[in-house]
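Quick notes on the structure that follows.
Atoms within each ligand, like the ligands themselves, are counted from 1 in listed order. Model, not experiment: these values are computed from the prediction. Numbers here simply count residues along the sequence, with the first being 1.
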Amino acid sequence: MATIKLSSGHLMPLVGFGCWKVDNATAADQIYNAIKAGYRLFDGAEDYGNEKEVGDGIKRALDEGLVKREELFITSKLWNNYHDPKNVETALNRTLSDLQLDYVDLFLIHFPVAFKFVPLEEKYPPGFYCGDGDNFHYENVPLLDTWKALEKLVEAGKIKSIGVSNFTGGLIYDLLRGATIKPSVLQIEHHPYLQQSKLVQFVQKQGVAITAYSSFGPQSFLELQQNRALNTPTLFEHDTVKAISTRLGKTPAQVLLRWATQRNIAVIPKSNNPGRLAQNLAVTDFDLSEADFEEISKLDINLRFNDPWDWDNIPIFV
Ligand code: NAD
């Protein structure tokens with residue numbers, strides 16, 4: 001399996017399985033079947049509310065000897081309510097106990113946004129709940145303080161590699177100045193409609209690996225009935241993507257995933273369908289031409305589907 005060597009020294013698979021919106025009722029089976037199909041990287045998060053079931057699927061595969069723990073690469077993410085250094089370990093411990101693991105391979109700060117702490121027994125995962133109905137409340141916690149707490153958990157052996165998600169260039173630039181342990185990964189929304197080429201160029205140059213999420217653009221947000229997604233032509237049906245896919249004898253999904261992996265950007269699609277599970281994994285053994293890259297780069301319209309501005313006018317991407 002193709003991997004990326006992280007700045008921590010650990011290897012991360014270039015293709016994984018994303019656990020967002022995987023139903024609790026089917027998650028354990030889906031994860032188990034994905035391991036059977038050859039997936040080794042699972043991208044989860046506290047906020048997805050399914051870490052217990054993801055853990056059940058992993059445990060079944062480990063118990064049956066399908067894989068060894070060290071062959072898996074398990075990612076989780078610190079949710080916004082736990083940025084205060086005194087709460088970071090509490091949140092990680094909950095993740096580890098839900099996953100039934102004693103370490104995670106990668107732990108990311110999910111968003112550069114600190115919500116007010118909500119005790120686990122009050123609501124877990126809290127989502128957008130900040131202790132007061134639908135009202136948002138924030139904490140004055142600088143990101144570097146949260147980062148320092150994560151560094152301690154690496155030293156304690158509970159996390160192998162640490163990273164960030166939804167950070168912009170300026171925030172990474174600042175983090176690199178203060179960090180003792182450099183971030184291993186930046187996870188961002190990345191697809192032909194939102195290419196963020198300068199960010200990708202800068203971050204890769206710093207030796208920080210990139211993971212793309214929502215590689216199919218609007219597709220994931222159609223399920224959420226998001227207006228921006230409903231009003232955007234799908235990438236699977238786009239003439240440019242279709243023409244390349246027909247010429248190469250690959251599916252549009254494979255073209256979109258290869259567009260990332262060929263530049264050493266990891267991808268984490270998910271599917272419940274065995275055929276799609278297999279095709280999404282087979283995206284490192286063919287190549288797009290330079291002309292294909294040029295055609296796809298013309299599709300960039302800087303269109304972001306996942307934006308905290310939609311939550312409470314939080315300006316991380318303005
Ligand atoms: P996705 O990659 O899961 O794709 C979206 C849709 O495409 C799904 O409905 C899926 O059924 C469909 N699909 C998958 N394979 C297909 C194929 N071969 N052909 C046709 N359709 C196919 O999108 P996503 O969930 O937005 O992103 C992937 C993962 O990224 C998530 O599961 C999560 O782990 C992560 N993520 C992270 C963040 C973050 O803030 N860090 C945000 C969003 C997602």
Hey, can you pull the donor-acceptor pairs under 3.5 Å for the side chains in residues 139-149, sequence neighbours left out?
from, atom 1, to, atom 2, distance (Å)
Glu139, OE2, Phe117, N, 3.0
Thr146, OG1, His83, O, 2.8
Trp147, NE1, Glu151, OE2, 3.0
Trp147, NE1, Ile181, O, 3.0
Lys148, NZ, Gly178, O, 2.9
Lys148, NZ, Thr180, OG1, 3.3

* Structure fact -> In short, salt bridge (charged side-chain N to carboxylate O under 4.0 Å, His left out) pairs touching residues 226-236 with sequence neighbours left out are Arg228-Asp310
* Intermediate values then yes/no, ring pair (Phe, Tyr, Trp, His ring centres under 6.0 Å), Trp20 and Phe221 -> CA-CA 12 Å; Trp20 184 35; Phe221 300 86; 5.8 Å; yes
* Asked: Between OG1 of Thr168 and CZ of Phe202, what distance do you get to the nearest 0.5 Å?
  -> 10.5 Å
* Treating Ile, Leu, Val, Met, Phe, Trp and Tyr as nodes and any side-chain heavy-atom pair under 4.5 angstrom as an edge, say whether Trp259 and Phe305 lie in one connected cluster. => yes
Quick one: side chains of residues 56-64, donor-acceptor pairs under 3.5 Å with protein atoms, not counting sequence neighbours, listed by atom name and distance.
from, atom 1, to, atom 2, distance (Å)
Asp56, OD1, Gln100, NE2, 2.7
Lys59, NZ, Asp63, OD2, 2.7
Arg60, NH1, Asp29, OD1, 3.1
Glu64, OE1, Tyr32, OH, 2.5

* Structure fact -> Heavy-atom contacts under 4.0 Å to ligand 1, chain-then-number order, include exactly Gly18, Cys19, Trp20, Asp43, Tyr48, Lys77, His110, Phe111, Ser165, Asn166, Gln187, Tyr213, Ser214, Phe216, Gln219, Ser220, Glu223, Phe236, Ala253, Ile268, Pro269, Lys270, Arg276, Gln279, Asn280, Asn306
